[in-house]
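One structure is given below, encoded as structure tokens.
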Amino acid sequence: MKIALFVTCLSDALFPEVGKAVVTLLERLGHEVAFPAAQTCCGQMHVNTGYRREALGLVRHHVETFEPYDVIVAPSGSCVGSVRHQHADVARAAGDDALAARAEAVAARTHELSELLVDVLGVEDVGAYYPHRVTYHPTCHSLRMLHVGDKPLRLLRHVRGMTLLELPGADQCCGFGGTFAVKNADTSTAMLADKMSHVLSTGAEAVSAGDSSCLMHIGGGLSRLRTGTRAVHLAEILASSEASR
């Protein structure tokens, strides 16, 4: 199967190893990965901060870039949530019903990584090997917008050598929320403190999630406290194998 990678801004600019891990994983499973070089920001940041009119051009560009592909994947519940739940609305609010229909068609073919693996490709054991103690944080958008459920956990339970530890208060937000962390720093920091406390209580060597944004927030806090607990994207764990170690 040919799968287009929507890598997202954060992975492209700050965490390129996440995008590389998606490619490694999918190619190991026998699929061809295409990377549309024209891709840019999907416009989520603009919409979430009230700049819906300014997001229209980004929505149109995203649709034009990914329209040729039958299957699209992104290592981010947040960005997939934007494609599914914001793009058509932005186009419709601007009076462009034709673009809204095209956006809905692209959205229907766009999947968060765990959705693609479990629902589309029908695989839970991806042949991963990661000999560490890991706990998993289900990010808000993947949990509440995409309703991915236990798909990431089902994938992680098949990783050889890994001990998967249950995270207390797993469904509680980590406090990032994009600009929320900047505009409401005190509240965000308090939420982060709770999340870090729960992560550390598990004794995990690493905390994983499906969004680099939340991992940046949690991992930054853990690093500042010098806990030694790493933040590792789900894609990186699933791409890891005995041969790659």
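Hydrophobic cluster membership differs between Leu155 and Leu167, with clusters built from Ile, Leu, Val, Met, Phe, Trp and Tyr side chains linked at under 4.5 angstrom. No chain of hydrophobic side-chain contacts below 4.5 Å, direct or via other Ile, Leu, Val, Met, Phe, Trp or Tyr residues, connects Val63 to Phe35. With hydrophobic clusters built from ILVMFWY side chains whose heavy atoms lie under 4.5 angstrom apart, Leu234 shares a cluster with Leu29. Neither Val148 nor Leu238 shares a network with the other; the hydrophobic side chains, linked directly or stepwise wherever heavy atoms of I, L, V, M, F, W or Y lie under 4.5 Å apart, form separate groups for each. Criterion: ILVMFWY side-chain heavy atoms under 4.5 Å apart, direct or through other members. Under it, Val47 and Phe6 are part of a common hydrophobic cluster.
Within the 3.5 Å criterion, the main-chain N or O of Asn184 finds no donor-acceptor partner in the side chain of Ser188. Without hydrogens or angle criteria, Arg109 side chain to Tyr69 main chain gives a donor-acceptor distance under 3.5 Å. Of the possible donor and acceptor atoms, one in the side chain of Asp211 sits under 3.5 Å from a partner among the backbone N and O of Ser78. Arg133 places no side-chain N or O within 3.5 Å of a backbone atom of Thr202 that could act as its donor or acceptor partner. Between the side chain of Ser223 and the main chain of Gly219, no donor-acceptor pair closer than 3.5 Å is present. Using a distance-only test at 3.5 Å, with no hydrogens or angles considered, a donor-acceptor pair links the side chain of His233 to the main chain of Pro75. In terms of modelled atom types and a separation under 3.5 Å, the side chain of Ser208 and the main chain of Val232 share a donor-acceptor contact. At least one donor-acceptor pair closer than 3.5 Å links the side chain of Thr189 to the backbone N or O of Ala185. Without hydrogens or angle criteria, Ser212 side chain to Ser11 main chain gives no donor-acceptor distance under 3.5 Å. Using modelled atom types, no side-chain atom of Glu54 and backbone atom of His46 make a donor-acceptor pair closer than 3.5 Å.
Of the inter-residue distances, the one linking Cys214 atom SG with His137 atom NE2 reads 5.0 Å to the nearest 0.5 angstrom. Put simply, CE on Met145 and OG on Ser82 are 7.5 Å apart, with the number rounded to the nearest 0.5 Å. Taking CG of Leu192 as the reference point, atom CZ of Arg224 lies at 6.5 Å (rounded to 0.5 Å). The line from CD of Glu104 to CZ of Arg84 is 13.0 Å long, rounded to the nearest 0.5 Å. Rounding to the nearest 0.5 angstrom, the gap separating the NE2 atom in His141 from the NE2 atom in His147 is 11.5 Å. For the atom pair NE2 of His31 and CE of Met1, the computed distance is 6.0 Å after rounding to the nearest 0.5 Å.
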For Val90 and Leu58: C-alpha separation, side-chain torsions, deciding distance, then whether side-chain contact (heavy atoms from CB on, under 4.5 Å) applies.
CA-CA 10 Å; Val90 167; Leu58 292 167; over 6 Å; no
With side-chain contact (heavy atoms from CB on, under 4.5 Å) as the test, would you mind laying out the steps for Thr40 and Thr65 before giving the verdict?
CA-CA 9 Å; Thr40 61; Thr65 301; over 6 Å; no
Begin from the C-alpha positions of Val159 and Val134 and carry the test side-chain contact (heavy atoms from CB on, under 4.5 Å) through to its verdict.
CA-CA 11 Å; Val159 176; Val134 177; over 6 Å; no
Decide side-chain contact (heavy atoms from CB on, under 4.5 Å) for Asp97 and Arg92; before the verdict, give the C-alpha distance in whole Å, the side-chain angles of both, and the deciding distance to 0.1 Å.
CA-CA 5 Å; Asp97 291 339; Arg92 201 167 283 116; 3.6 Å; yes
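Heavy atoms from other residues, nucleotides or ligands lying under 6.0 Å from CE of Met216 number more than 12. Counted within 6.0 Å of CZ on Arg53, heavy atoms from surrounding residues, nucleotides or ligands total 12 or fewer; the atom is thus considered open. Around atom OH of Tyr51, no more than 12 heavy atoms belonging to other residues, nucleotides or ligands sit under 6.0 Å away.
By the 4.5 Å heavy-atom criterion applied to side chains, Leu10 and Phe15 are counted as neighbours. For the pair Gln86/Cys42, no side-chain contact is recorded, criterion being any heavy-atom separation below 4.5 Å from C-beta on. Residues Arg60 and Asp96 are in side-chain contact: their nearest non-hydrogen atoms beyond the backbone lie under 4.5 Å apart. Side-chain contact check for Thr135 versus Thr229: every heavy-atom pair is 4.5 Å or farther apart. The shortest side-chain heavy-atom distance between His111 and Val71 falls under the 4.5 Å cut-off. Between Lys2 and Asp70, the closest side-chain pair of non-hydrogen atoms is not below 4.5 Å. Two residues are said to be in side-chain contact when any heavy atoms from C-beta on lie closer than 4.5 Å; Leu156 and Tyr136 meet this criterion. Taking the side chain as every heavy atom from C-beta outward, Lys151 and Glu112 never approach each other to under 4.5 Å.
Under the ring-ring contact (aromatic ring centres under 6.0 Å, His included) criterion, Phe176 pairs with His217, sequence neighbours left out. Every side chain to side chain donor-acceptor pair (under 3.5 Å) that Arg154 has, sequence neighbours left out, goes to Glu124, Asp150.
When Ile72, Ile3, Val80 are each tested for a side-chain contact (heavy atoms from CB on, under 4.5 Å) with Leu116, only one passes: Ile3.
Gly149 and Pro152 make their closest contact through O-CD, 3.7 Å (heavy atoms, listed as atom of the first residue, atom of the second, distance). Closest approach of Ala74 to Thr8, counting heavy atoms only: CB-CG2, 4.3 Å. When all heavy atoms of Ala231 and Leu215 are compared, the pair lying nearest together is CB-O, 3.7 Å. Considering every non-hydrogen atom in both Cys174 and Lys195, the closest pair reads CB-CG, 4.0 Å. In this structure, Leu113 and Val73 approach most closely via the heavy-atom pair CA-CG2, 3.8 Å. For Leu5 against Val22, the heavy-atom pair with the smallest separation is CD1-CG1, 3.9 Å.
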